[in-house]
Amino acid sequence: MTASKTDSSARNGRRGATQQKLLAFASLIVLVIGFSVANSNFMQVSNLLAILQAASVNGVLAIGVTLIIITGGIDLSIGTLMTFCAVMTGVVLTWLGAPLIVGVVTAIGTGALSGLISGSLVAKMKIPPFIATLGMMLILKGLSLIVTGTRPIYFNDTPGFDQISRGSLVGWVVPAFPVPNGVLILFVIAGLVSWVLSRTVLGRYTFALGSNEEAVRLSGVNADAWKMAIYAVAGAIVGVGGLLIASRLNSAQPALGLGYELEAIAAVVIGGTSLSGGRGTILGTLIGALIMAVLTNGLRVLSVAPEWQTVVTGAIIIVAVYADQLRRRAPG
Amino acid sequence: MTASKTDSSARNGRRGATQQKLLAFASLIVLVIGFSVANSNFMQVSNLLAILQAASVNGVLAIGVTLIIITGGIDLSIGTLMTFCAVMTGVVLTWLGAPLIVGVVTAIGTGALSGLISGSLVAKMKIPPFIATLGMMLILKGLSLIVTGTRPIYFNDTPGFDQISRGSLVGWVVPAFPVPNGVLILFVIAGLVSWVLSRTVLGRYTFALGSNEEAVRLSGVNADAWKMAIYAVAGAIVGVGGLLIASRLNSAQPALGLGYELEAIAAVVIGGTSLSGGRGTILGTLIGALIMAVLTNGLRVLSVAPEWQTVVTGAIIIVAVYADQLRRRAPG
Amino acid sequence: MTATTDLIRMEQIDKRFPGVHALKSVDFDLRAGEVHALMGENGAGKSTLMKCLSGIYQPTSGRIVIDGNEVQLSTPKAAQDLGIGIIHQELELMRDLTVAQNIWIGREPRLSFGRIDEAKLNADAAALFEGMNVSIDPKAPVSSLTIARQQMVEIAKALSFRSRVLIMDEPTAALTEAEIEELFTIIRRLRSEGVGIIYISHKMDEIRRISDRVTVMRDGSYVGTVQAADTPISQIISMMVGRDVDDEPVEVPDLSRAEVALEVRHLSRGRDVKDVTFSLRKGEILGFAGLMGAGRTELARAIFGAEPPDEGEIVVHGHHMTIRSPSDAVAAGIGYLSEDRKHYGLALGLDVRANIALASLGRYADRIGRIDEHRLAGIAQDYIRTLNIRTPHDQQQVRFLSGGNQQKVVIAKWLLRDCDILIFDEPTRGIDVGAKSEIYRLLNDLAARGKAIIVISSELPEVLRLSHRIAVMCEGRLTGILPGGAAQEEIMALATQREGMTAE
Amino acid sequence: QDEMYIPLISKGFQHQFWQAVNAGAQQAADELGVRVTFEGPDNESQVDKQMDMLAAALANKPKAIGFAALDSQAAIPLLRQAQEAGIPIIAFDSGVDSDIPVTTASTDNVAAAALAADKMAELVGGKGKVAVVAHDQTSRTGVDRRDGFVNRMKEAHPDIEIVAIEYGGGDQLKSTEITKALLTANPDLVGIFGTNEGSAIGVVNGVREMGTKGLTIIGYDSGKAQTDAIREGLMAGAITQNPVGIGYETVKAAVAAAKGESVPPSIDTGFYWYDATNIDDPEIAAVLYD
Ligand SMILES: Nc1ncnc2c1ncn2[C@@H]1O[C@H](COP(=O)(O)OP(=O)(O)OP(=O)(O)O)[C@@H](O)[C@H]1O
Ligand SMILES: Nc1ncnc2c1ncn2[C@@H]1O[C@H](COP(=O)(O)OP(=O)(O)OP(=O)(O)O)[C@@H](O)[C@H]1O
Ligand SMILES: [Mg+2]
Ligand SMILES: [Mg+2]
């Protein structure tokens, strides 16, 4: 008797999850169709590629911070960390003349290290994530300026560096749709992290920590160590974001980055991940990042005045999350 | 026997709370002494007044957001709301030529109304506070620019407006220590809100909602209405912040405000209020705002390079909150 | 059975919290292959002692000896590694994870690249439930389970460790007879396998049925250890409370002339409440019996507006009421004490006084909303005295109270609110014998004063002891209403009656 | 689709300066019968946001684009894309290190700041300590104005010591607090240079709140608060660019280029020193805004 009930509700849960993703996707489609109707220029291949390109950096950052948000934390340092990773890459590639691969490793390593530090502030020193990463945000912002002497580092001497983001492996195969590598990287990372979240121990503890950290601890799991690992992985992903932006600008711009964290977090929440932890998907985050990019680009293509762009963006963020809420309440 | 237990531990509990405040105060004193020793110019009356003045706007915003943080929420819109309140005051005073008091009421009313809207987004529409107020942040930012046509509104035609913040009632009585009215207003609001939190039903529900919202609802309390009221009160306080900044700049600067929310939140957390809700004091927030102001001013007086100022500020925020953690763990 | 060797010896254990001396040089020992019951009033220190043994708290002083060696249990993991497993009094589950994921957290079967063998995970959990003779879908999210089923998950998790020592802190508080029987079967099997079991419960009959020895604590001190078989229950009780507890049976008053306080007509909500109709008179105590998941809690929540009903009418004192939220319900004079105090009853971070006042604040505030703290303090102290709430003072945070004392705080909250119609969902969950009879007396008094009361309880003796009439539910349907003195068999028949006949 | 469409991608839009550029652009648009849009990122560090704006602008297939590059190197691939599509680029405000733009309508910020340094030296009598409250540590305009001022001081006025350079992000309130801290740390300061409107107003505010007398304040750009401060005598004078002219010339050149007409390789829109003595002269009044 009870078993059958249990089953049906579990089924319900699963149906709910699929529905949710489909519906978030629906918001995206509604936006795309709306903009296409309003201005036929929106639907050009070149503009769609521009949107994807614009989503790539924010998307990668959002994927990184999704991990942390699922643990019930938050990371405000991702914007300036992205910049700091770009700067460190500039240092090894341009100043030290290291080969490209070293630059890639540096970006990811710097991100992971910084993530590890944030993680230990949170896990070991019990500093609330908001404050720990706010502090890290300021520290990393300052460090980028200090290391570069406040001047951008250009990658002109590293041929091929700009291809990391701007080149197109896909275009090599399908010339009609030259998806930039930056976008390819976004999707590869999304796939990878999605897999980690759903299939691996790290993923399991990410959800478990966000769901009930005390229970995880009482189960004899070294919760602190796992939390630090999760922050480090998130940092490494942000490092990839640093590579992407540096490659796109063919330079490391030391003052960039502040404010990017809020955009990334907005993408995560629009994608249905709960800020109270325990729940979230990478697919959702990806869709969230695309919604943000479509919105920004679409309003610009429609030549909406910039101050109105701000208002409309704010309103749509609220509406998108509200729609998500309604959806979720509907079955319960 | 139980009676004797009651007594000793009650004394204990009270001592703990006092200790904490004293120790947060100690961090402040350490900073002040440190800076005085490093540079004798720091300890002048004029500089101390400058620090207080600098703390006034951030302090008022921080007090507003303290209420919301105690309910377990967050408000990212306070910075741009402050600006929008200033703008609306400019509209009624300068464009419509209304008397001063109408301007004051407009600022506070605008703040309360916007708070009410944020509150209903959170309470009625169940949008997470982070997203609801992120949306409001963007909307209010855009509205300020739209209303003003992106031009500042000057208060030259409203004599006495700049006295709201710059004048000195205290200096009138104690000429040697001309505390600006802005600072006086900060302390009055701190006292008032402190009283509301500890003595009134609104204050009690603020803590209760942050501690367990569902339990409050199931106690038959109209939790949504109270939450909206709390957001509205917080908004009204931010409105006072808008008055203060407008008065100090003798103008409403429509592009200002972004980033002020993080500073205010940092002050709140340094002051010992927990971001997970249910715990916090206004005295702590006040001390937090002073710590931030002393830090910023002191580093500048010491002529620390700006990029290092950022790093040191980030580090000290982390250290201050860590010290608070240690303190709190110590008795447990 | 190597009955003579001590598996564990705790000697002179002392534990102090700020303002509370929770354990005062307590001695305790456990042998392999025995069930050792730990008894004591709410707040006596039972959970605290067990937390010291499972690595969650470190004793202020004292020794813990396992297999003859003194050990330091500095983390839960350290205790686990020594073969000590615990089922916590308060549920500690990860609500967003599935049942199987919860059980194997930290011990996931792994494949290469840190992958989890999800199939094995689910199969292992299913096997575990099979051994326990319960049917829970390993893939169901824990948040979709009732408290009782969550409790079964906790038990399954503790069993999965195959510990040599198993601590059960009130495992049956949320269970009904059938599950308790299953649990006892499991306990007996474990005992025969040489596992040492520490068993904490406030249900006196269970002690007789399952335990070998009984250790009693009072006010953080060790009182004594006795053999369960040859010690009368009354002696154990007087060791616990330091006096005798008398328990007079219910006398059903004649209520036929009393005014009808509450009428519920054709109330339905989702799959959990189906077409429920009943009425309740002033001065009446209506007991609700049923198996786990019968829908009693859902019915109460629907009446209270916590989960507004899909269909049906609620009539209070002859007036139709539209109840869409708890505040509507309270305004209509209906109060509801939830079965889940931690999630729905208490603001754990607030103090005892504030929690007691939570539902009645308006009454103690003046026009500008200023609270009369002085009066509230007096009232809080009254309740602390009448309900015998163990707390150092009325400004102690509720989170630091023992489970049973927390429950008393919730009861105090509703007593202070003074609703005409009161719904108590598992009011004595986790409450000690002494306090239980206090609460029974209290409910009788309330009824005598004209309150209309619904008591939902999974303990049949409690329903029988309290109710003037007994409503029985099965699968969301009201299968029948019996008079107060009904026999247990009658109730069980209705509780398992799938095809519902119309009530009354 | 008869109407010619020309988007202007600027470095910002919220500041008065950019609004004045916009006003000049709209004026030219009205005169020439074209449609001009104007936008820019929130602050001058958001290089990639500006590129997204450029990409969105390209989607609408404009006849020409006005572009004020935050980082000219970073923008080159998109500019090249525009060039390949036959869309002429008009650089404004500051140049682009590339031969893609057909012309540049800009102010020489380095020379303008050097003029501010000369004026400062003249007003303080050639010696003493001065400080700079700059608006940005990394943006082109911030760096040019700071370096133009500092380097000119070093070269031409060796007796003047620059004791501090702080950055207030162009935020009036932050610049106010910075000024007060500067005055505390350096009681013997004789002059402060504020490198944009917000910084300059902040300096005036800070000095007013501290009640310091006899300090020489030099500002940059215009706006009501600055012109008022100059009339009151609190501010000695300021450098103004000709933002309206920049916007106007940019659009004019864009239309010409779109029609295939020839345009001069660079358009210097000039800068001016103004103080209480010449603030009401017609040629100065024409380049001030408020
Ligand atoms: N973390 C803590 N801080 C302060 N006091 C505590 C803490 N934990 C427990 N106590 C106190 O220690 C005493 C013993 O509590 P404990 O939970 O062990 O009681 P218990 O015997 O398990 O009661 P119950 O039957 O109600 O579960 C109580 O007075 C309680 O208030
Ligand atoms: N939080 C919940 N989420 C999903 N389903 C629930 C929840 N609570 C209860 N249910 C479902 O509602 C049905 C009725 O449960 P309810 O709690 O009302 O039963 P009950 O008779 O009070 O039994 P119990 O003794 O378990 O409290 C159960 O079958 C359960 O599956
Ligand atoms: Mg207990
Ligand atoms: Mg129930």
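Just so you know, these numbers come straight off a predicted model, no measurement behind them. Numbers restart at 1 for each chain; the letters A, B, ... are given by sequence-line order, proteins then strands. Computation of the quantities below employed the complete heavy-atom set of this structure, encompassing side-chain atoms and omitting hydrogens, waters and symmetry-equivalent molecules.
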> Distance alone, cut at 3.5 Å: any donor-acceptor contact between the side chains of D/Asn196 and D/Ser199?
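D/Asn196 vs D/Ser199: donor-acceptor pair found between side chains.
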
> What residues form a side chain to side chain contact (heavy atoms under 4.5 Å, CB included) with B/Ile108, not counting sequence neighbours?
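Result, side chain to side chain contact (heavy atoms under 4.5 Å, CB included) vs B/Ile108: B/Val104, B/Ala236, B/Val240.
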
> Does any non-hydrogen side-chain atom of D/Val287 lie less than 4.5 Å from one of D/Tyr272?
yes

> With a 4.5 angstrom heavy-atom cut-off, could you sort out which part of B/Leu249 is near chain D: side chain, backbone, both or neither?
both

> I'd like to check B/Ile153 versus B/Val91 (side-chain heavy atoms, cut-off strictly below 4.5 Å). Are they in contact?
yes

> Would you say the side chain of D/Lys224 lies within less than 4.5 Å of the side chain of B/Arg151, judging by non-hydrogen atoms?
no

> Need one label for B/Pro254: side chain, backbone, both or neither, based on atoms under 4.5 Å from any heavy atom in chain D.
neither

> Any side-chain heavy atom of D/Gln241 within less than 4.5 Å of one from D/Thr269?
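Not touching, per the 4.5 Å side-chain cut-off.
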
> Under 4.5 Å heavy-atom distance to chain D, tell me which part of B/Tyr260 shows up: side chain, backbone, both or neither.
side chain

> For chain D, which residues of residues 154-171 of chain B have at least one non-hydrogen atom nearer than 4.5 Å to it?
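Within residues 154-171 of chain B, near chain D: B/Tyr154, B/Asn156, B/Arg166.
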
> Determine whether the side chains of B/Ser77 and B/Asp75 contain a donor N or O and an acceptor N or O closer than 3.5 Å.
yes

> Taking side chain as C-beta onward, heavy atoms only, is D/Val110 less than 4.5 Å from D/Asp147?
no

> If the condition is side chain to side chain contact (heavy atoms under 4.5 Å, CB included), which residues does B/Pro180 pass it with, not counting sequence neighbours?
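Residues passing side chain to side chain contact (heavy atoms under 4.5 Å, CB included) with B/Pro180: B/Leu49, B/Gln53, B/Val183.
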
> Who among B/Glu307, B/Lys141, B/Arg248 has the most heavy-atom pairs with chain D under 4.5 Å?
B/Arg248

> Tell me which of these, D/Glu166, D/Arg208, D/Glu209, has more heavy-atom pairs under 4.5 Å with chain B than the rest.
D/Glu209

> Within a 6.0 Å radius of atom CH2 on B/Trp95, are there more than 12 heavy atoms belonging to other residues, nucleotides or ligands?
yes

> Under 4.5 Å, heavy atom to heavy atom: which of residues 172-194 of chain D reach chain B? Give them by number, or say none.
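Result: D/Gln172, D/Leu173, D/Lys174, D/Thr176, D/Glu177, D/Ile178, D/Lys180, D/Ala181, D/Thr184, D/Ala185, D/Pro187.
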
> Testing the 3.5 Å rule here: is there a donor-acceptor pair between the side chains of B/Asn297 and B/Asn47?
yes

> Report the residue from D/Met53, D/Lys11, D/Gln50 that forms a side-chain contact (heavy atoms from CB on, under 4.5 Å) with D/Phe67.
D/Gln50

> Go through the atoms of B/Ser251 and report whether side chain, backbone, both or neither lie under 4.5 Å from a heavy atom of chain D.
neither

